[in-house]
Structure formats: C-alpha cells, structure tokens
Amino acid sequence: MATLEYLELLARDAAPVEFEGPVLAARAAGADPATLATLERAKVLALQVRGVLESRRRRESELAALYETAAALAALTDVDEVLAAIVHRVRLLLHSDVAYLSLNDEEAGDTYMRVTDGATSALFRAVRLPLGAGLGGLVAQTATPYATPSYFEDARFDHTSGIDDAVADEGLKSIVGVPLLLGRRVIGVLYAANRTVRPFGRDDIALLVSFAAHAAIAIDNARLLAETQQALHDLRVAGELLQARTLSVERAADAHDRLTALVLQGGDVEDVARELRAVLGGEVRMVDPAGHVLACTDPGAAAPDGEAALLAGISPASRTALAPGLCAAPVAAGADHLGTLVLRRAEPLDEADRRILERAALVTALLLLFRRSLAETEGRLRGELLLDVLAEDERDPEVLRERARLVGADLDAPHAVVVAEIAGDRTRAAQAAEFLASRHHGLSAVHQGRLVLVLPGLEPRAAARLAGEEVGHAVGRRLTAGAAGPAVGTTGITAAHAEAARCLATLLALGRTGDVAEAGDLGFVGLLLGERRDVGAYVRSVLGPVLDYDAERGTALARTLQTYFAQGSNLSRTGAALHVHANTVTQRLDRITQLLGAGWNEPARLLEVQLALRLADLLRP
C-alpha cells in the first residue's frame, strides 16, 4: 500500500513536502518501527526518483531550447532577434530574475550591454564595464566563467562605483557570467542574475556556457553575413561603376573617332556641333566672343537662360564652366579667345562627358585656326592674282586663269569691279574685303593705296553697296567707292578698274564722301568718264518719262522744253514761238515737273536736262 501511494504521488508530480504524508499517517496510526522504517525507505526512493525525473525534464527543456536556438541560427535574419531569444531562454531555463549579454568594444577597451531581459533600470542597461572591473569585466578579461551568490560581498572582483551603482539600481545579488568565445578570443559575456541570494550551480553554468557558444556563433554569423552583404553591395556598385566607366570610355572613343574624322575631312564648326550632339545629346551652340551664334543644332531655339552669365565668366584659361542645365568650354588658341561651346542638357555631365566637351572645343579651335590660316593664304593668293591682273606689264592670260581656278575664281565670268577709298583701320578693311571676296569667289587687293574688289555675279552698283556695308561696318565708317562692269577677262577687268577708279575720284572731287556710284549714277560726268559711252541710256536716264509721255500721247513736251530754253526761259516768247498761249506753256511745264520731279529746273539738274535734249536731237533719225 505504501509503495502504491508513493507511486501515485510520483504520477501526479506532487511537491516534495507531500511525500511526508504517508509516514506521518502511519506514525499517527501507531505503526510499528519496522513499518515506519519501510515507509521512510520508500519515501527516500520516491524522492530520488522524483529528482531524477525532474532533472531529465529540465535537461529535455534545455536541449529543446538549445535546438530552437540552433534552428534560429540556421535561419538567421536579424542578429538582435537571435540574441534577444537566447537571453530570454536563459532567463526561463535558469529561472533567473534577469539575463543579459554584453559585447566587448576593442577600440574603447571595455564591454557594453547589448541585450537584456527582465532588467528595469535604465542605468543598468546603459552601463559599460572596463576590462577587469566587476564580475563581467573579469570574465571578459580572463575568458573564465565566474559566479557569485552575493555580488557586493564578493572580494574577488574589482568593485567600481559606476558598476556597483548600476547593479544596486537593478537590485541584483547573485550573478553568474560566462564568456562568449570565438576560438580563443572573448567577444562578450552572457549573464544570469537574481535579486535574492540564490546561488547558481554547475548545471546552470554549463547550460549558460552552451547558450554562450550559440550566441558567439550568432554574432560571428551575423558579422560574416554583414560582410558578405557588404561585399555583394560593393561588388554590385563596382559593377555599376565599371559599366558606367565602360560606357564613358566607349562614348569618349566614339567622340574621339568622330572629331578626328572631322579634322581629317576638313569639317567646320557646324559639323562639330552636330557630332557633339550625337555623342552627348542636348543642344549645342557655338558662340563667338561678341556673342554671335556661329553654329547651333537647334537654329529656331532662343539662347538658354543663364547662357549670358556663363559666357561672361569664360576666358581662354578657363576649363568647363557649369550652370543649371548648361556646360560651357572655351574655344581658345593660346591666349586668343575664339569663342565658346555651350551644351544645354537636363542630365548633369560626368567627368568623362566634360572631357569630351573640352576635346570638342579643342577640335573647334583647330578647325577655326585652319580656316583662318586657309583664308589668309587664299586671301594672299587672291590679292597677288588681282595685282597681277591689274599690272601694267603684260602677263599670260592662261596662267592667270589657271591661278584663278586654283583659288576658286573664274576670270571669264562677268564681274563687278569696285574701287574704294581706304578709311580707318587699313588692316581691318583689307581683312573684311578678303572675307567678302572669298565668300563670293571673287578677288580683293590693296592697289595703289585703294581697295579693289572684283566680285562675280553682281551688278556694279549692288557690288559697291555691298562693299560699302560690309567693309564700312568693319572699319566703323561709311565707304566711298566707285564701281564699273560687268567685266569679263583680264582686259575687261583692267578697263573696269580704271573706270571705277575715275568714278571714285569724281565722287571725292564732288565732295560726295561716303557715297557709292557707277558711271551711270554721275550724270553727264559719268558719261564723259565711262569707257562705254551709252548716250541713249544717258538720255533716257534724264528725260525718259517725258519722251515716253510724248510717244504715248502725241504731245510735244520735249519740243516745249527745247523752245523754253531757246527763248531764255521766257513764257511769253516761248508761247509765241510755239504759237500757243503762255498759259498753255505753263501747263506743259507743270506736266514736265510731274514727270521729272520737283527741282528739274535747278542749276545742277538743268544742265543735265539741256544736255540730254541736245543729245536726243543728235540721236533722232
């Protein structure tokens, strides 16, 4: 019966105090000593069995906790979550009031709280332990577990006010700590603590050591995982940088090939702008130092905002300059500022793109210098050719034609010849004339102190006006010029040059500085000066409206004018000579004024009209 009763107590996991019940009941019933001894023996055995079962249950719980911890390590995603789970399980399995974990700070030379479970003191959670100080500092320094049933009474530890204050604030008495080991290196300490004097046994320390090993693995795995993730991130970033660098190199190589081809093929500024846009995108503008646009990939677009301010800060010594949405590079040859390349693009330029823009500016400077050198060479050749055409000594016309062909001129085409007085800056005037002549495939030179232009495909008066505008603008004053033509061949050009020179001399003699004219514009003086004296054309230039009126209506306005002049401009005598009333003469003179314009009878024009009437009589059959 006694054995059965103890089995029932074991079966329902009764408390140890309940195992005294059968012995007390038998003693109260007056059982004999042998029976009491048997009951005592059964009680002891039952308690031993209960202890074994309790130990196995505890071991099973510990193993389950360790297994769960290992599983959590295998699926590690967040090291803080794993460490918090370890500390929490330590507290549950050791039935401690508090459990916590600290990590060593190698740079600071101390150890700090990483995770706590059950702690209530903010001072305790924030404490840092110098290596060798306190129980935890001693464990971290020696890599050996330490346990104390009463912390404040234990003299093995170096008590410091900061640590003791934190432990006292948390109210801890019994503490055990074991090291977190990676190989032989201590990376931290795992603790369990009670607020009452309740010592920790060897089994507790052994269990804590097992959890410390898992915690160390979790921390190391987290470190490796973090390093791996950082390495992957760095590798990805490096790959992106390498790809971007590769694209930049390819783009730079493409730009180099395009720009080199432009130089070899004799491209111009417009070609540079077009190729630069193809490589970098956006809109490209080439602006000269005066602000004039020499090339633009979007001719209809206005100057972008901020361009003027950006250009103001550009000098030959500048590198690329930046403004919102704009990048500019100076086009320079030494200290000579030839202009600026401006790129408008929404995306910012990296260093490689800026290098491409700078290279394009260098190529642009090279092309402009080449164009300038070519223009100077052609200008010199054109000038020498024209001087040889105008030379008094005879030269082989075929040789002159071949030289003209080499500079793109055709001496056998009709040309207008302009001779102008050089006013102001002689060099600027000559350069402007060279530029005008090269643009029209003509010739220019300074001959006998005068500027000479031979321009194909233009009427003499139009050529003189064009020269007056462009060369005059370059020197800052109006040009006085005479013109003649059309002239064909070397002989024709020489003759036209002589006539244009006489027209210029006449303009200067008449005080008509700043005017341009051909012989036909100088009235009877031009008729006298011209090589080809077209009398009929002169008569029509002066009396054309009157002659046409007479021919269309059968009137006699021209005869009336002749009679009026013959009668000394007397109305009465004129009427008598014509057999008409004086009022009729007045009416006819009014009609002539309508046809020739007011002022026809002023002294200067009156001479022209009289001469034209005499010449008209001579031309009449």
Side-chain angles (χ1 to χ4, degrees), residues 62 65-91 93-94 96 98-117 119 124-148 151 154 156-160 162-163 166-167 175-193 200 202-232 234:
E62 294 172 354
L66 290 173
Y67 175 79
E68 291 174 1
T69 302
L73 288 175
L76 177 65
T77 56
D78 188 333
V79 67
D80 287 332
E81 291 181 0
V82 174
L83 294 180
I86 289 174
V87 171
H88 182 66
R89 287 170 185 149
V90 165
R91 183 185 173 202
L93 292 175
L94 269 61
S96 62
V98 180
Y100 51 99
L101 182 147
S102 67
L103 293 179
N104 291 354
D105 187 338
E106 296 181 358
E107 293 184 2
D110 60 9
T111 182
Y112 63 95
M113 290 293 184
R114 176 66 181 271
V115 183
T116 64
D117 190 86
F124 181 77
R125 288 196 297 267
V127 71
R128 299 183 72 97
L129 293 77
L131 295 179
L135 182 145
L138 186 60
V139 172
Q141 185 180 47
T142 64
T144 303
Y146 278 89
T148 178
Y151 176 81
D154 198 327
R156 293 177 299 167
F157 316 126
D158 182 12
H159 292 271
T160 64
I163 299 173
V167 173
I175 304 175
V176 60
V178 299
L180 302 177
L181 295 172
L182 281 178
R184 296 183 178 181
R185 184 167 63 93
V186 179
I187 63 172
V189 180
L190 180 61
Y191 305 85
F200 293 94
R202 292 183 178 180
D203 291 342
D204 296 331
I205 294 175
L207 178 62
L208 204 57
V209 168
S210 297
F211 275 106
H214 284 85
I217 293 173
I219 293 170
D220 193 48
N221 286 349
R223 177 186 62 81
L224 294 175
L225 179 61
E227 291 177 355
T228 301
Q229 291 174 339
Q230 183 63 41
L232 290 174
D234 293 344

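- When all heavy atoms are compared, the tightest approach of R125 to A119 is NH1-O, 3.2 Å.
- Rounding to the nearest 0.5 Å places NE2 of H88 at 7.5 Å from CZ of R91.
- The line from CZ of F157 to OH of Y146 is 7.5 Å long, rounded to the nearest 0.5 Å.
- L101 has its side chain within reach of L180: a pair of non-hydrogen atoms, C-beta onward, lies under 4.5 Å apart.
- Between L181 and A216 the shortest heavy-atom distance is O-CB, 3.3 Å.
- T144 contributes a side-chain N or O that, together with a main-chain N or O of T142, makes up a donor-acceptor pair within less than 3.5 Å.
- Partner of V87 under the side chain to side chain contact (heavy atoms under 4.5 Å, CB included) criterion, chosen from V98, T116, D117: D117.
- Between R156 and L138, the shortest heavy-atom distance links the atoms O-CD2, 4.0 Å.
- Counting only heavy atoms from C-beta outward, the side chains of D105 and D110 approach each other to under 4.5 Å.
- Considering OG of S96 and OH of Y191, their distance stands at 14.0 Å, rounded to 0.5 Å.
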Test side-chain contact (heavy atoms from CB on, under 4.5 Å) applied to L208 and D204, step by step: CA-CA 6 Å; L208 204 57; D204 296 331; over 6 Å; no

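- The CZ atom of F200 sits 6.0 Å away from the CG atom of L94 when rounded to the nearest 0.5 Å.
- Distance check, rounded to the nearest 0.5 Å: OG of S210 to CD1 of I86 gives 11.5 Å.
- Residue G188 comes nearest to N104 through the heavy atom pair CA-OD1, 3.9 Å, listed as atom of the first residue, atom of the second, then distance.
- Taking 4.5 Å as the limit, some side-chain heavy atom of V167 sits within range of a side-chain heavy atom of I175.
- The shortest non-hydrogen separation linking P130 to I163 is CD-CD1, 4.1 Å.
- Heavy atoms only, all atoms of each residue included: G136 and V189 are closest at O-CG2, 3.7 Å.
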